Amino acid sequence: MKAINREKLSAVSAAELAVFNARTVKSEALLQRGKKSMVKGVPMSWMYGLYRHHSLYVSHGDGSCFFDVDGNRYTDFNVVDLAVTMGFNNPHIQKAVAEGMHRGAHFLLPIEEAIDVCENLAQRTGVPFWQFTLSASGANTEVIRIARTITRRNKILVFEGHYHGHIDDTMLEKSDGTIRPYVLGLPAGAAKGVEIVPFNDLAALEEKLQTGDIALVLTEPALSNCTLVLPEPGYLDQVYALCQRYGTLFCLDEAHNFSFAYGGLTKAWQLKSDFLVLGKGLGSGIPFALYGMSSEVASFVDAHTQIDLEQPGIAAGGTTYANTLSVLAAKAALEQVLTPENYDRTNALGLTLAQGLQQHFDQLELPWKALHLGPRSGYCLQPQLPKNGAEAYASIDIAFISARKLFMANRGCWDAMATAGPQISFAHTATDVERYLSVAREFLEAIC
Ligand SMILES: Cc1ncc(COP(=O)(O)O)c(C=O)c1O
């Protein structure tokens with residue numbers, strides 16, 4: 001069996017970086033200019049840290065592609081980390097947002113289409129009540145607050161390999177048995193508010209739930225932020241049953257997973273939960289997210305709504321939430337793009353992508369597995385698919401991923417960020433997939 005040849009990998013990486021730098025001189029110039037007014041020369045320093053090459057400055061996007069300021073074209077297999085799953089410049093979304101500007105971007109009062117969005121989601125997912133935010137991070141934050149208020153418990157439980165946004169309650173990891181923040185700036189004692197156990201391990205979960213101090217279990221149905229980890233058959237039903245037994249609430253975060261199947265994995269796998277978080281791609285790049293809840297939770301929130309200064313209630317909302325632009329964008333996405341037929345189409349392309357990668361691995365005698373769920377694929381650098389976050393992290397080989405991203409970028413494919421895998425958006429075509437597979441093959445041959 002073959003393996004990555006580390007010497008070849010670093011030679012390819014250095015050569016591709018030189019090509020990338022030569023192709024992107026206008027981006028580099030803007031970055032230098034940006035450094036005089038923005039940290040690291042970019043609007044949020046996180047953007048800078050995502051790449052091992054200098055940040056691109058973008059001019060525009062169209063369908064599945066975007067163009068940098070040097071005129072280079074990239075087919076986006078990162079899909080803006082699933083924040084633009086409808087594709088760039090989608091005509092339905094464009095029309096809806098233009099109408100939103102025309103009507104008035106926001107009123108801090110509801111528009112009728114907010115009901116259309118919720119009714120549509122309730123019909124798809126079976127989750128009856130909804131509240132809007134501007135980000136999935138914001139939605140998870142409010143869900144955690146509600147769960148703490150209902151259960152009168154403080155702790156939440158997440159799984160190894162989780163990501164639920166840039167929120168103080170979850171930006172922690174467990175290493176060598178100790179829970180600690182993986183970022184700077186969290187409040188002292190943040191680690192006391194969270195438990196972290198391996199995914200697909202019911203005994204480890206039950207041990208923590210038995211303590212009776214967990215307010216909420218928060219997870220993606222399929223972990224999509226540490227490459228890709230699928231639940232074992234029946235696992236999520238058992239998690240919900242355990243939560244019910246120990247008086248803990250259960251939240252499914254489908255900020256990413258909603259793009260994997262019509263009605264999300266909640267519908268596809270008939271999952272039960274107390275909360276369902278959606279966002280990212282639903283807004284087509286316009287900040288938008290929301291969380292759904294059961295009738296019981298909704299009654300509680302109803303009874304604990306803040307009424308001016310007279311009645312304190314659960315901290316929720318913000319002055320720009322549920323604005324016209326994002327609501328109309330979400331309505332257009334749901335009614336005109338996120339149809340069963342379009343999910344079938346993207347899922348078929350996702351299967352071609354995963355099968356094509358697996359064929360490359362097999363033909364090149366690499367003992368690897370192609371990750372696959374719906375439109376998402378990825379590289380598992382092990383002979384067995386990961387069952388939990390720790391196993392999945394073994395495939396986050398930064399040198400391999402950085403070289404791959406550069407190699408692909410220089411040939412017109414914008415590959416996924418390190419924690420993800422290439423994904424098909426609702427705008428990708430069969431030609432896009434063919435191109436990705438042929439460049440990936442060229443890369444693998446160059447480094448093995
Ligand atoms: C599962 C999940 N939840 C929440 C978030 C946070 O989303 P946002 O950046 O919209 O706050 C992300 C972002 O990648 C995510 O993958």
Side-chain angles (χ1 to χ4, degrees), residues 82 85 117-131 136 139-140 143 147 157-159 161-162 164 199-202 205-206 209 216-225 228-282 289-298 333-335 337-348 350-351 354 371-376 385-388 423 426:
L82 307 197
T85 43
V117 167
C118 297
E119 287 177 349
N120 187 308
L121 287 172
Q123 183 268 327
R124 275 175 203 242
T125 63
V127 177
F129 287 93
W130 296 86
Q131 289 285 274
N140 282 321
V143 164
L157 185 145
V158 292
F159 295 96
H162 71 278
H164 299 289
F199 199 63
N200 280 324
D201 183 342
L202 286 169
L205 174 67
E206 184 161 18
L209 292 181
L216 181 78
V217 169
L218 172 60
T219 188
E220 296 182 88
L223 305 185
S224 69
N225 284 290
L228 186 67
V229 180
L230 303 189
E232 286 172 347
Y235 171 69
L236 293 168
D237 300 328
Q238 293 294 321
V239 172
Y240 179 65
L242 284 176
C243 285
Q244 295 247 298
R245 185 177 316 155
Y246 294 107
T248 296
L249 294 167
F250 184 38
C251 177
L252 289 172
D253 178 352
E254 292 219 45
H256 279 176
N257 288 186
F258 197 68
S259 66
F260 292 178
Y262 179 82
L265 296 180
T266 290
K267 180 172 170 76
W269 294 346
Q270 298 290 303
L271 301 175
K272 292 204 190 78
S273 63
D274 301 292
F275 298 96
L276 176 60
V277 165
L278 306 178
K280 296 192 69 163
L282 262 184
L290 73 188
Y291 54 99
M293 61 199 112
S294 66
S295 302
E296 295 74 26
V297 173
L334 285 164
E335 293 178 358
V337 188
L338 297 177
T339 60
E341 300 72 36
N342 281 340
Y343 274 99
D344 287 348
R345 204 185 65 78
T346 56
N347 284 4
L351 181 62
L371 298 165
H372 178 228
L373 180 58
R376 167 67 89 82
L385 291 173
K387 287 193 302 299
N388 53 45
Q423 170 143 344
F426 290 93

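No experiment lies behind these values; they were computed from the predicted model shown. These values consider heavy atoms only, across backbone and side chains, with no hydrogens, waters or symmetry-generated copies.
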* Asked: If only atom types and distance count, is the side chain of R124 paired as donor or acceptor with the main-chain N or O of Y262 below 3.5 Å?
  -> no
* To do: Could you please spell out the steps behind the side-chain contact (heavy atoms from CB on, under 4.5 Å) verdict for V239 and T219?
  => CA-CA 10 Å; V239 172; T219 188; 5.8 Å; no
* Is the backbone of H164 close enough, under 3.5 Å, to the side chain of N225 for a donor and an acceptor to pair up by distance? -> no
* Asked: Does any non-hydrogen side-chain atom of N140 lie less than 4.5 Å from one of D253?
  -> yes
* Would you check if L121 and L290 make a side-chain contact, meaning some heavy-atom pair closer than 4.5 Å? => yes
* If you look at every heavy atom in A222 and N257, which pair is closest and at what distance? -> N-OD1, 2.9 Å
* Structure fact -> Across all chains, not counting sequence neighbours, the salt bridge (charged side-chain N to carboxylate O under 4.0 Å, His left out) partners of E335 are K331
* Take V143 and L216 through the side-chain contact (heavy atoms from CB on, under 4.5 Å) test and state the conclusion after the steps. => CA-CA 9 Å; V143 164; L216 181 78; 3.9 Å; yes
* **Donor-acceptor under 3.5 Å (Y291 side chain, A139 main chain)** => no
* To do: Locate the shortest heavy-atom distance separating K272 from L252; write the atom from each residue and the value.
  => O-CD1, 4.4 Å
* Asked: Between CG of N200 and CD of E232, what distance do you get to the nearest 0.5 Å?
  -> 4.0 Å
* Structure fact -> Here the side chain to side chain donor-acceptor pair (under 3.5 Å) pairs for residues 238-250, sequence neighbours left out, are R153-T248, E206-R245, E206-Y246, Y240-Q244
* If you take all heavy atoms of A261 and L265, which pair is closest and at what distance? -> CB-CD2, 4.2 Å
* Euclidean distance, L236 CG relative to L230 CG, rounded to 0.5 Å -> 10.5 Å
* Can any side-chain N or O of D274 pair as donor or acceptor with the backbone N or O of F250 at less than 3.5 Å? -> yes
* Asked: Nearest 0.5 Å, what's the CG-CD distance between L334 and E119?
  -> 12.0 Å
* Asked: Can you name the closest pair of heavy atoms from C243 and L209 and give their distance?
  -> N-CD1, 4.0 Å
* Asked: Is there side-chain contact between L271 and D237, with at least one heavy-atom pair below 4.5 Å?
  -> yes
* Structure fact -> Heavy-atom nearest pair, L278 first then E254, reads CD2-CB, 3.7 Å
* To do: Output, in order, the C-alpha distance, side-chain angles, deciding distance and verdict of side-chain contact (heavy atoms from CB on, under 4.5 Å) for L373 and L228.
  => CA-CA 8 Å; L373 180 58; L228 186 67; 3.8 Å; yes
* Approximate separation, where rounding is to 0.5 Å, of L351 CG and H372 NE2 -> 5.0 Å
* Asked: Between S259 and Q423, do the side chains contain an N or O donor and an N or O acceptor separated by less than 3.5 Å?
  -> yes
* To do: For S294 and F129, work out which heavy atoms get closest and say how close.
  => O-CD1, 4.4 Å
* Check salt bridge (charged side-chain N to carboxylate O under 4.0 Å, His left out) between K267 and all other residues, then give those that pass, not counting sequence neighbours. => none
* Asked: Out of curiosity, L157 CG to H162 NE2, how far, rounded to the nearest 0.5 Å?
  -> 10.0 Å
* To do: Report yes if the distance between the aromatic ring centroids of Y343 and F260 is under 6.0 Å, otherwise no.
  => no
* Asked: Do P386 and L371 come within less than 4.5 Å of each other through their side chains, counting heavy atoms only?
  -> yes
* To do: Apply side-chain contact (heavy atoms from CB on, under 4.5 Å) to the pair T85 and F258, showing each step before the final yes or no.
  => CA-CA 10 Å; T85 43; F258 197 68; over 6 Å; no
* Asked: Between N388 and D201, does a side chain to side chain donor-acceptor pair (under 3.5 Å) hold up when you go through it step by step?
  -> CA-CA 9 Å; N388 53 45; D201 183 342; over 6 Å; no
* For residues W130 and L276, determine if any side-chain heavy atom of one lies less than 4.5 Å from a side-chain heavy atom of the other. => yes
